[in-house]
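Have a look at the structure below, then the notes.
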Amino acid sequence: KTLAQWQIVARNILSNSSGDYLEFLKTTEQLFASKTLFINENKRWFVDTNNYDIKLVKGKVALEFGEITLTCKSLSDKIVIYKTKGIYFPGTAEWVGQYGVTDFSRAIPDDKTQIIFKKYFINFNKAQYEIDTVSLSYPKYFKEPIMGKFSDKLMFSLDSNTVKTGGYPKFTSFKNNLLVRGIVGSESFFRGGFSMNGGVINTSTVDNKPSYIDIFYKGKKRVTLKSN
């Protein structure tokens with residue numbers, strides 16, 4: 001199937017532009033050899049499958065994938081999106097994803113987290129992406145998923161500690177009235193926004209509204225602290 005699709009697309013491109021044809025050969029050669037979609041001097045975007053469709057979409061070469069794992073890797077770090085589906089346009093290095101799943105395991109490997117999102121876009125020339133609306137599951141602090149904004153960025157430092165503490169991935173909640181018990185001690189009750197910069201948790205929200213921390217002693221509230 002793939003070879004037949006390749007031949008059809010190749011004939012169409014060759015009849016229009018020899019330059020585009022040579023670029024198509026380069027793209028498909030690295031795809032066939034190592035499942036690579038995009039590579040430059042410091043990063044590589046690749047998939048975990050040889051199952052895809054090669055087609056033309058509005059005259060542009062497109063590689064369409066079913067559910068896969070998409071990875072961007074540098075020498076010391078990697079971004080991984082699981083259970084994702086989408087189309088890659090090699091001519092513009094653009095990935096159009098229908099949905100996906102990722103987590104905070106790079107920053108906090110011992111905590112169970114999950115980020116779920118729908119349609120998203122990535123330019124593979126960059127080593128980062130942002131999604132306006134995602135769902136965060138973090139059983140350690142929340143019984144139910146919370147909604148917010150998410151971004152991730154590949155680190156290029158060769159120092160593994162710098163990579164781990166680089167502040168990515170990032171999540172910021174939409175709501176500023178989330179309730180979390182024990183986030184700042186067993187006798188405290190956190191009420192406000194919730195954000196994560198890598199493994200660092202703070203009280204930011206998308207709209208920067210204040211958060212509150214209620215401190216209890218022997219079951220009674222003694223102090224309420226308000227963030228700026």
Side-chain angles (χ1 to χ4, degrees), residues 35-49 63 65 67-90 92-142 145-175 178 193-208:
K35 303 174 186 174
T36 297
L37 300 181
F38 178 95
I39 189 169
N40 64 13
E41 67 278 0
N42 59 13
K43 63 182 175 294
R44 172 179 168 241
W45 286 93
F46 59 95
V47 296
D48 66 339
T49 183
L63 307 173
F65 293 87
E67 201 163 279
I68 59 164
T69 297
L70 175 65
T71 304
C72 182
K73 191 172 184 179
S74 66
L75 287 175
S76 57
D77 193 19
K78 65 179 178 180
I79 292 172
V80 184
I81 302 175
Y82 306 96
K83 298 180 181 179
T84 188
K85 181 178 181 180
I87 300 179
Y88 177 56
F89 295 91
T92 55
E94 292 178 324
W95 170 268
V96 181
Q98 293 187 23
Y99 54 80
V101 177
T102 190
D103 55 42
F104 276 77
S105 60
R106 281 157 57 222
I108 43 173
D110 295 332
D111 285 6
K112 183 179 180 181
T113 58
Q114 188 178 66
I115 297 285
I116 299 176
F117 44 89
K118 294 184 179 179
K119 193 169 184 179
Y120 68 105
F121 303 90
I122 304 177
N123 185 322
F124 284 177
N125 285 296
K126 302 177 181 179
Q128 62 189 71
Y129 66 100
E130 296 183 359
I131 304 175
D132 288 337
T133 303
V134 304
S135 168
L136 166 67
S137 295
Y138 200 169
K140 182 176 180 179
Y141 296 122
F142 301 101
I146 63 173
M147 304 302 293
K149 185 176 182 179
F150 177 82
S151 63
D152 204 353
K153 182 178 181 180
L154 193 70
M155 300 286 107
F156 296 101
S157 172
L158 298 179
D159 181 2
S160 59
N161 187 59
T162 299
V163 171
K164 188 175 180 180
T165 59
Y168 283 91
K170 294 180 183 290
F171 171 87
T172 306
S173 69
F174 293 140
K175 292 184 177 180
L178 300 169
F194 182 86
S195 67
M196 300 173 67
N197 294 331
V200 178
I201 295 173
N202 58 52
T203 63
S204 299
T205 59
V206 170
D207 59 10
N208 292 316

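Taking both residues in full, the closest heavy atoms of G199 and A107 are given as N-CB, 3.5 Å, listed atom of the first, atom of the second, then distance. Nearest heavy-atom pair, I108 versus M196, reported as atom, atom and distance to 0.1 Å: CD1-CE, 3.6 Å. When all heavy atoms of S173 and K175 are compared, the closest pair comes out as OG-O, 2.9 Å. The shortest heavy-atom contact between K149 and I131 is CG-O, 3.5 Å. K112 approaches P139 most closely through the heavy-atom pair O-CD, 3.3 Å. Across all their heavy atoms, F89 and V96 have their closest contact at CE1-CG2, 4.0 Å.
Here the CD-OH distance, from Q114 to Y82, works out to 10.5 Å after rounding to the nearest 0.5 Å. Interatomic distance, NZ of K85 versus CD of E67, reported as 8.5 Å (0.5 Å rounding). Atom OG1 of residue T71 and atom NZ of residue K78 lie 6.5 Å apart, to the nearest 0.5 angstrom. Within the model, atoms CG of D103 and CD1 of I116 stand 11.0 Å from one another, a figure rounded to the nearest 0.5 Å.
Counting heavy atoms of neighbouring residues, nucleotides and ligands inside a 6.0 Å radius, atom NZ of K35 exceeds 12 of them. The local environment of CG in L75 is sparse, with at most 12 non-hydrogen atoms from other residues, nucleotides or ligands closer than 6.0 Å.
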Between I122 and W45, is the side chain to side chain contact (heavy atoms under 4.5 Å, CB included) condition met? List the steps.
CA-CA 11 Å; I122 304 177; W45 286 93; 3.8 Å; yes
Evaluation steps, side chain to side chain contact (heavy atoms under 4.5 Å, CB included), between L70 and L37:
CA-CA 10 Å; L70 175 65; L37 300 181; 4.2 Å; yes
F142/F194 under ring-ring contact (aromatic ring centres under 6.0 Å, His included): CA gap, chis, key distance, verdict:
CA-CA 11 Å; F142 301 101; F194 182 86; 4.9 Å; yes
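Taking the six-membered ring for Trp and thresholds of 30 and 60 degrees, F150 and F117 have nearly parallel ring planes, at less than 30 degrees apart.
Counting heavy atoms from C-beta on, the side chains of V47 and L63 never come closer than 4.5 Å. The side-chain heavy atoms of Y168 and D77, taken from C-beta on, include no pair separated by under 4.5 Å. Residues N125 and F38 are in side-chain contact: their nearest non-hydrogen atoms beyond the backbone lie under 4.5 Å apart. Side-chain contact between Y120 and I81 is present, with heavy atoms from C-beta onward closer than 4.5 Å. Looking at heavy atoms from C-beta onward, Y141 lies out of side-chain contact with L178 at the 4.5 angstrom threshold. Inter-residue side-chain proximity for I115 and P169 is flagged as unmet; no heavy-atom pair is nearer than 4.5 Å. Side-chain contact between I146 and Y138 is absent, with no heavy-atom pair separated by less than 4.5 Å.
Looking at R106, its side chain never comes within 3.5 Å of a backbone N or O of I79 through a donor-acceptor pair. K73 contributes no side-chain N or O that, together with a main-chain N or O of V80, makes up a donor-acceptor pair within less than 3.5 Å. Checked by atom type and distance alone, the side chain of T113 pairs as donor or acceptor with a backbone atom of F104 at under 3.5 Å. A donor-acceptor pair is defined here as one N or O able to donate and one able to accept, closer than 3.5 Å; such a pair exists between the side chain of T84 and the backbone of Y99. Side-chain N or O atoms of S74 include one that pairs as donor or acceptor with a backbone N or O of M155 at under 3.5 Å.
Aromatic ring centroids of Y88 and F124 lie under 6.0 Å apart.
Residues that satisfy the salt bridge (Lys or Arg N to Asp or Glu O under 4.0 Å) test with D111, not counting sequence neighbours, are K140.
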